[in-house]
Structures are given as structure tokens and as C-alpha cells.
Amino acid sequence: MEKQMLKLYFIMGSNNTGGREPEQVLQEALQGGITCFQFREKGKGALPEEEKWKLGRKLKAKCAEFHVPFIVNDDVDMAIRLEADGIHIGQEDDPASKVKERCPSRMVIGVSVRTIEEAHQAAADGADYLGVGPMFATDTKEDAKAPVGLEGIRRLRAEGITLPIVGIGGIDVSNAAEIVEAGADGVSLISAISLADAPEEAARNLRSRLDGVSGR
Ligand SMILES: Cc1ncsc1CCOP(=O)(O)O
Ligand SMILES: C=C1C=NC(C(F)(F)F)=NC1=N
Ligand SMILES: [Mg+2]
């Protein structure tokens, strides 16, 4: 997996846009230079199955226009049937080893981790990248645990975790660079772009901020 893809990894579902059309927000984010997109239709106000599929197809087509990877959160069937570029799973989902068996080998598998033990387990299970967080306080994910901060990333690198890592949780242009300087390969975020007055400009500012730094 190309770790460059993790540089500016936008995540969004229809309930993250404050009422704006998700396709329009994604269009702007892509124009602003996001390097990867995850469709995460989850939580309060998430779409019912049929609408979720319709939106998923539309967002995948948009990503294909920009040659940006399209990742699906949680829903392995949807990821496979939409021919997504990857799937992202959490600690409460099946282990990556089991998901890997079901997916075509071209698909990347990302795993959410918070602790060193979870990181080592995900690596052993064949994860292609790790989503580490929450980095900072966030109110986008209702059940987010206590933030791990930059130390959370430094510790994983000190522990010899060499997998591509993306930090997530409470990230915006003011703290994105330090995540990479702490050893991550990029940042993942929702509201800093999905709730921005001008999502394209927000993405562009984040992208240019990140183009100047590298942590390893
Ligand atoms: C999905 C997820 N996982 C850990 S924090 C989070 C939400 C991130 O949202 P935001 O970028 O708006 O803080
Ligand atoms: C809970 C999550 C944690 N990390 C990530 C990613 F940024 F993709 F790694 N996505 C999620 N949905
Ligand atoms: Mg999950």
C-alpha cells in the first residue's frame, strides 16, 4: 500500500455535513486535494440501507473521477460489492485476518487502534494501515474514547510498529503537521472539511500544510 495515500484522508457520511449535499462536499474536498476518502455512514441520522447504497455508488464514482482511493467503513459486503479500493474496520468488527479472506487481494484493509496491544494484533492480522486515535477531543464520534495525543503515535513507533499510520480525531489545520512530525504518515478527519464554510479551501489549506512536513 502506498503510504502517500494516507496524507490527507477525508472521512464523511451524510450526517457529517450539517445539511449540505454530501456529493457536493466530496467534490470540493477532492478539488482541494484530499488523497483518500472513506465513506462512513454511521451514527445519528445515518441513511437506511437503500439510500446508503445509492450514496455510496455516487461517492465512489466521484473518487474515481479524481483517481482518489474510495474506502468503505465497517460494511465489508458493501466494500466488496461496490468494488471499493479498501475497507476500514474497528475493534468491534471481525479481525483483519478474517476480513482479508473475504476481500479481493487488491483491497487495502485499515484497522482502528488505540493501544499498543491493538496495534500489534492488527499488524499480526495483516492490516495494511492503522487509524490511531482519537488524537484529540472530538464530538464527531459519539463513543470516542479518551484522546491518546501525539504520544500515542510516538509510542507506537518506539514500539517498532512500522505499518503506515494515520492519526484521527479532533484534527484541523492547527494541529495536522505535528501528527506527521510525531511519526504518522498522514491525518484523517471529518468535520475540519465536512463542516467548513468552504470545504475546497479547507482541504487545500490542510494539503499545503501537510506537503511541507514528514515524520519519518
Ligand atoms: C471516526 C473517528 N474515530 C476516532 S475519532 C473519529 C471522528 C473524527 O472526526 P473529526 O475529524 O471531526 O474529529
Ligand atoms: C474509526 C476510524 C479510525 N480511523 C480511521 C482511518 F482514519 F481511516 F484510519 N477510520 C475510522 N473510521
Ligand atoms: Mg467500525
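One-based numbering along the sequence shown. Every number for a ligand or one of its atoms is a count from 1 in the order of the listing. Side chains included, hydrogens not; waters and symmetry mates left out as well; all remaining heavy atoms used.
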Consider only side-chain heavy atoms of I, L, V, M, F, W and Y, link residues closer than 4.5 Å, and tell whether L8 and I171 are in one cluster.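 Yes, because L8 and I171 connect within a single hydrophobic cluster, where side-chain heavy atoms sit under 4.5 Å apart.
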Using a 4.0 Å cut-off to any heavy atom of [X], which atoms of ligand 2 qualify?
X	value
S188	7 (F)
Y129	8 (F), 9 (F)
I168	3 (C), 4 (N), 5 (C), 7 (F)
N73	12 (N)

So is M135 touching ligand 1 or not, going by heavy atoms under 4.0 Å?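 Flag not set, M135 not near ligand 1.
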Does ligand 1 have an atom under 4.0 Å from some heavy atom of G170?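 True for this residue.
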Go through the side-chain N and O atoms of E41 and S14 and say whether any donor and acceptor fall under 3.5 Å apart.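 Side-chain D/A pair, E41 to S14: present.
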Donor-acceptor pair between Q31 and Q27 side chains, under 3.5 angstrom: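 A donor-acceptor contact under 3.5 Å links the two side chains.
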Using modelled atom types only, decide if a donor and an acceptor are shared between the side chain of [X] and the backbone of [Y] within a distance under 3.5 Å.
X	Y	value
T17	S194	no
D128	I109	yes
N205	A202	no
R114	A146	yes
D125	S97	no

Compute the shortest N/O to N/O distance between S188 and ligand 1 and return yes if it is under 3.5 Å, no if not.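 In fact, backbone or side chain, S188 has no N or O that close.
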May I ask you to check if ligand 1 and K141 share an N or O to N or O distance below 3.5 Å?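 It does not: no N or O of K141 is found under 3.5 Å from an N or O of ligand 1.
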At under 4.0 Å between heavy atoms, which part of S191 makes contact with ligand 1: side chain, backbone, both or neither?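 Both the backbone and the side chain of S191 come within reach of ligand 1.
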For ligand 1, which part of I190 has a heavy atom less than 4.0 Å away: the side chain, the backbone, both, or neither?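 It is both parts that get close, each with some atom under 4.0 Å.
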So does R154 pair up with E151, basic N to acidic O under 4.0 Å?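 So R154 pairs with E151 through a salt bridge.
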Distance under 4.0 Å to a non-hydrogen atom of L189: what atoms of ligand 1 satisfy this?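 Near L189, meaning under 4.0 Å from one of its heavy atoms, ligand 1 has 11 (O).
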At less than 4.0 angstrom from any non-hydrogen atom of R40, what atoms of ligand 1 do you find?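 It comes down to these atoms of ligand 1: 1 (C).
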Could you identify the single nearest non-hydrogen protein atom to atom 10 (P) of ligand 1 and state the distance to 0.1 Å?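 Of the protein heavy atoms, T140 OG1, 3.5 Å lies nearest.
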So D75 and F39, side chain to side chain contact (heavy atoms under 4.5 Å, CB included) or not? Walk me through it. CA-CA 10 Å; D75 192 334; F39 179 43; over 6 Å; no
Close N or O approach (Q38, ligand 2; < 3.5 Å):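 Looking only at distances, the answer is yes, because the N/O contact criterion of under 3.5 Å is met.
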Region of I71 engaging ligand 2 - heavy atom pairs below 4.0 Å: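 Neither part.
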Among all residues two or more places apart in sequence or in another chain, which pass the ring pair (Phe, Tyr, Trp, His ring centres under 6.0 Å) test with F70?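 None.
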Any idea which of G131, P164, S112 brings a heavy atom closest to atom 3 (C) of ligand 2?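 Selected option, by shortest heavy-atom distance: S112.
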Nearest candidate to atom 4 (N) of ligand 2, where distance is taken over non-hydrogen atoms, out of R40, Q91, H88: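 Among R40, Q91, H88, the closest heavy atom to atom 4 (N) of ligand 2 belongs to H88.
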